[in-house]
Amino acid sequence: MSDQPFFGHIIDGEEVPSAGGETFEVWNPWTREVWASAADGQEEDAHRAIASSRRAFDEGPWPRMSRAERAGAIHALADLMEARSDDLATLDSTNMAKPFAQAKHDVARSVHNFRFFADHQRDHTGEVFPMDSGHHSYSEFGPAGVVAAISPWNFPLMMATWKIAPAIAWGNTCIIKPSEDTPASVTLLGRLATEAGLPDGVLNVLNGHGAPAGSTLTGDDRVDRVTFTGSSQTGKLVMASAATHLAPVSLELGGKGANIVFDDADLDNAVHWAIEAIFRNAGQICLAGSRLFVQDGIYDAFMERFVAAAEALTIGDPFDPTTTFSALASRKHFEKVSSYVQQAKDLDGTLRTGGVADDGTWVVRPTIIEGLGLDSAPYCEEIFGPVCVVNRFDTEDKAVHLANDTRYGLNAMLFTENLSRAHRVASRLKAGTVWVNCFFIRDLRTPFGGVGDSGVGREGGDFSREFFTEPKAVVMQIDRG
Ligand code: TXE
């Protein structure tokens with residue numbers, strides 16, 4: 001028996017292996033070693049998780065609790081997460097080479113996800129529709145049922161909690177399937193849910209691969225909602241699978257975010273956020289500012305500082321407190337990102353800095369490329385790594401055209417000190433979120449999601465309520481005596 005950690009499924013409050021004993025290896029991308037194993041969920045395991053969540057919804061206390069009781073239980077889970085925040089962050093850093101300080105930041109945001117949605121459902125209001133006909137109507141938001149949530153590996157804990165928190169807050173039960181690359185932190189979250197006393201089956205964790213674990217969940221007619229974050233390609237499969245039983249889907253998919261820097265930008269601020277937008281988490285962010293457009297008048301000054309700031313990032317062990325940038329999350333992903341860097345070179349792009357670290361690690365250094373064609377793959381496709389493709393522009397119209405000329409539309413950034421321009425351009429950009437003079441700042445009440453290949457639907461605040469509940473209209477006749 002190995003003494004490596006093992007991450008089982010959490011079903012009905014217990015951690016269990018797959019019924020057939022299947023497991024998969026869990027890698028540490030910084031050391032490039034296997035450090036743990038996890039249960040590899042098969043159809044039978046998925047059916048068991050669904051049956052458990054179904055039972056918890058149909059017969060258990062959770063959907064029938066008062067809103068205040070549910071909020072209290074979720075806050076208790078958030079308290080435990082805070083107490084174990086170093087452990088949760090350690091698992092994400094080990095599992096995907098996220099610098100520890102960034103992993104801690106993710107845990108804090110994950111805790112906030114739970115606290116926010118606990119309070120949001122507890123304090124929500126319905127609407128009243130006064131009618132002229134001697135009736136009045138009002139809206140009511142009841143839980144939808146069993147939610148299947150499928151999450152990716154780039155923010156293992158944070159993306160999972162972004163789905164679990166509103167799902168369970170609104171009285172649903174939830175099965176989360178983390179990415180097979182990063183099962184660790186979400187499994188610990190499942191253990192904490194048991195410890196916090198959440199009723200059995202309210203939060204089940206099913207470990208395993210996209211198929212059969214994920215696809216069994218999305219295609220099962222006992223599942224009432226499917227929420228997914230991942231690639232656009234897999235998103236289409238998930239939507240088709242959920243359509244077989246007409247389960248509503250919420251899909252947050254890839255991105256190729258435009259970052260526009262106008263001549264009148266505050267240069268220090270623009271450089272700071274441009275670095276964050278493409279090199280935080282080694283660029284493995286759907287919201288990355290991977291297409292950078294810089295206006296002619298500021299181009300040279302901006303690029304000089306941008307390149308210098310990229311070169312000043314400290315590459316290293318994610319647990320070294322001085323590290324700001326580390327390896328990519330898996331060998332497969334390292335190979336994908338490396339191949340885009342190679343394509344850029346083959347296409348005669350100019351590498352201003354960066355490139356693949358040629359030392360056997362899975363590091364692609366902070367990379368900045370100029371001179372690529374607007375139809376080239378590294379410019380058009382989601383690389384999902386620390387690779388920024390830069391172009392210059394002259395007019396505001398041109399910048400808007402370049403930014404919008406993509407299949408994606410998750411987010412965009414723009415930097416200007418001109419107030420009118422900021423509003424004008426923000427409103428013309430085809431994107432779910434536009435950040436002006438900043439990046440990555442969120443208010444959980446706002447809609448979050450994307451346009452085009454970046455997704456279907458919005459989550460956040462009342463948008464999450466719409467998705468995770470069955471809104472109902474109640475029409476009453478007023479007895480006028
Ligand atoms: O994604 P997948 P992968 C993009 C990014 C990355 C690429 C591939 O460009 O390089 O996708 O990454 C589960 N039914 N993003 O292969 O396949 C899978 O097990 C149900 C952007 O990791 O989309 C995992 O839990 N589930 C993105 C999750 O889907 C299935 C974040 C994501 O995996 C499934 C991640 C199926 N048929 C990658 N197949 C973002 N938007 O942030 C797979 N899965």
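Just follow the structure's listing: the first ligand is 1, and inside any ligand the first atom is 1.
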Proximal ligand 1 atoms for E252, defined as those under 4.0 Å from one of its heavy atoms =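 Once the distances to E252 are compared, the set is 41 (N).
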task = List the closest protein heavy-atom neighbour of atom 6 (C) of ligand 1: residue, atom name, distance to the nearest 0.1 Å.
result =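 Closest protein heavy atom to atom 6 (C) of ligand 1: K336 NZ, 3.6 Å.
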ask   = Nearest protein heavy-atom contact for atom 29 (O) of ligand 1: which residue, which atom, what distance?
value =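 The closest one turns out to be F228 CE1, 3.1 Å.
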ask   = Between K256 and E381, does at least one N-O distance fall below 4.0 Å, as a salt bridge requires?
value =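 Salt bridge between K256 and E381, a charged N being under 4.0 Å from a carboxylate O: no.
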ask   = Taking the six-membered ring for Trp, are the ring centroids of F228 and W162 within less than 6.0 Å of each other?
value =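 That pair fails the under 6.0 Å test.
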task = List the closest protein heavy-atom neighbour of atom 3 (P) of ligand 1: residue, atom name, distance to the nearest 0.1 Å.
result =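 Here the nearest protein heavy atom works out to W153 NE1, 3.8 Å.
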ask   = Taking N or O atoms only and a 3.5 Å limit, does L253 qualify as a polar contact for ligand 1?
value =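 Min N/O separation from ligand 1 is below 3.5 Å for L253.
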request  = Provide, to 0.1 Å, the distance between atom 35 (C) of ligand 1 and the closest protein heavy atom, together with that atom's residue and name.
outcome  =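 Among all protein heavy atoms, the one nearest atom 35 (C) of ligand 1 is P152 CB, 3.5 Å.
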task = Could you check whether the rings of F116 and H112 sit parallel, tilted or perpendicular, using 30° and 60° as the cut-offs?
result =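 Tilted: the ring planes of F116 and H112 meet at 30° to 60°.
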task = Mark up the atoms of ligand 1 that fall under 4.0 Å of a heavy atom belonging to S215, in ascending order.
result =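 Taking each heavy atom of S215 in turn, ligand 1 has 14 (N), 20 (C) under 4.0 Å.
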request  = Give yes or no for whether the N/O distance cutoff of 3.5 Å, strictly under, is met between T234 and ligand 1.
outcome  =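 N/O-N/O distance under 3.5 Å: yes.
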task = May I ask you to identify, for A213, whether its side chain, its backbone, both or neither come under 4.0 Å of ligand 1 on a heavy-atom basis?
result =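 For A213, there is no contact with ligand 1 at all, from either part.
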query = Are there more than 12 heavy atoms of other residues, nucleotides or ligands under 6.0 Å from atom CG of D358?
reply =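 Count not over threshold, so no.
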query = For atom 26 (N) of ligand 1, what's the nearest protein heavy atom and its distance?
reply =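 Its nearest protein heavy-atom neighbour is I150 CD1, 3.6 Å.
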ask   = Between K104 and D86, is the closest basic N to carboxylate O distance under 4.0 Å?
value =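 Here D86 pairs with K104 in a salt bridge, since their nearest N and O are under 4.0 Å apart.
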inquiry  = Is the ring pair H333/F384 parallel, tilted or perpendicular, if the boundaries are 30 and 60 degrees?
reply    =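 H333 vs F384 ring planes: perpendicular.
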inquiry  = Can you name the atoms of ligand 1, numbered from 1 with element, that are less than 4.0 Å from a heavy atom of S151?
reply    =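 Under 4.0 Å from S151, ligand 1 has these atoms: 24 (C), 25 (O), 28 (C).
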key: For G214, atoms of ligand 1 separated by under 4.0 Å from a heavy atom   =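 Those atoms are 14 (N), 20 (C), 26 (N).
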Polar side chain donor-acceptor pair, N95 to T182, under 3.5 angstrom =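 N95 vs T182: no donor-acceptor pair found between side chains.
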For N154, atoms of ligand 1 separated by under 4.0 Å from a heavy atom =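 Near N154, meaning under 4.0 Å from one of its heavy atoms, ligand 1 has 31 (C), 42 (O).
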ask   = So which bit of M159 gets within less than 4.0 Å of ligand 1, heavy atoms only: side chain, backbone, both or neither?
value =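 For M159, no heavy atom sits under 4.0 Å from ligand 1.
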inquiry  = List ligand 1 atoms under 4.0 Å from K332, heavy atoms only on the residue side.
reply    =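 Every atom of ligand 1 under 4.0 Å from some heavy atom of K332: 16 (O).
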request  = Would you tell me whether N411 and T433 have side-chain atoms, one donor and one acceptor, within less than 3.5 Å of each other?
outcome  =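 Per modelled atom types, N411 and T433 side chains form no pair under 3.5 Å.
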key: Crowding at CZ, R48 (>12 non-hydrogen neighbours, <6.0 Å)   =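 Check fails, neighbour count at 12 or below.
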request  = Considering only NZ, NE, NH1 and NH2 on the basic side and carboxylate oxygens on the acidic side, decide whether D462 and R445 come within less than 4.0 Å.
outcome  =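 Salt bridge between D462 and R445, a charged N being under 4.0 Å from a carboxylate O: no.
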task = Assign the ring pair W362 / W27 to parallel, tilted or perpendicular, where the plane angle (0 to 90°) is split at 30° and 60°.
result =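 The arrangement is tilted - the two ring planes meet at 30° to 60°.
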ask   = Any idea which protein heavy atom is nearest atom 37 (N) of ligand 1, and the distance to it?
value =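 Residue, atom and distance for the closest contact: L237 CD1, 4.0 Å.
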task = With heavy atoms under 4.0 Å as the rule, classify the contact between K236 and ligand 1 as side chain, backbone, both or neither.
result =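 Contact part for K236 vs ligand 1: neither.
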task = Assign the ring pair F319 / F100 to parallel, tilted or perpendicular, where the plane angle (0 to 90°) is split at 30° and 60°.
result =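 Answer is tilted, since the angle falls between 30° and 60°.
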For atom 4 (C) of ligand 1, the protein heavy atom that lies nearest, with its residue and separation =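 Closest protein heavy atom to atom 4 (C) of ligand 1: E382 OE1, 3.3 Å.
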message = Please check whether S231 reaches ligand 1 - meaning an N/O of the residue sits under 3.5 Å from an N/O of the ligand, judged on distance alone.
response =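 Yes; the residue has a nitrogen or oxygen that sits under 3.5 Å from a nitrogen or oxygen of the ligand.
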ask   = Is E180 in polar range of ligand 1, meaning some N or O pair under 3.5 Å apart?
value =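 There is such a contact, yes.
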ask   = Should R225 and E470 count as an ion pair when the cut-off is N to O under 4.0 Å?
value =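 Yes, R225 and E470 are salt-bridged.
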ask   = For G210 and ligand 1, does the shortest N/O to N/O distance drop below 3.5 Å?
value =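 So ligand 1 has an N or O lying under 3.5 Å from an N or O of G210.
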query = Where does the angle between the aromatic ring planes of W35 and F7 fall among parallel (under 30°), tilted (30 to 60°) and perpendicular (over 60°)?
reply =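 Judged by the thresholds at 30° and 60°, the geometry between W35 and F7 is perpendicular.
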key: Side chain S37, main chain F24, donor-acceptor under 3.5 Å   =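 Answer holds: no.
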Nearest-neighbour protein heavy atom for atom 42 (O) of ligand 1, which is reported as residue plus atom name and distance =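 Atom 42 (O) of ligand 1 sits closest to the protein heavy atom C286 CB, 3.1 Å.
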key: A211, portion touching ligand 1 at heavy-atom distance under 4.0 Å   =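 Neither; no heavy atom under 4.0 Å.
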query = Does ligand 1 have a heavy atom under 4.0 Å from the side chain of H333, from its backbone, from both, or from neither?
reply =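 Contact part for H333 vs ligand 1: side chain (C-beta onward).
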query = Looking at atom 33 (O) of ligand 1, would you say a protein heavy atom lies below 4.0 Å from it?
reply =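 So far as the 4.0 Å threshold goes, atom 33 (O) of ligand 1 is out of reach of every protein heavy atom.
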query = Do any nitrogen or oxygen atoms of D181 come within less than 3.5 Å of a nitrogen or oxygen of ligand 1?
reply =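 There is no such contact.
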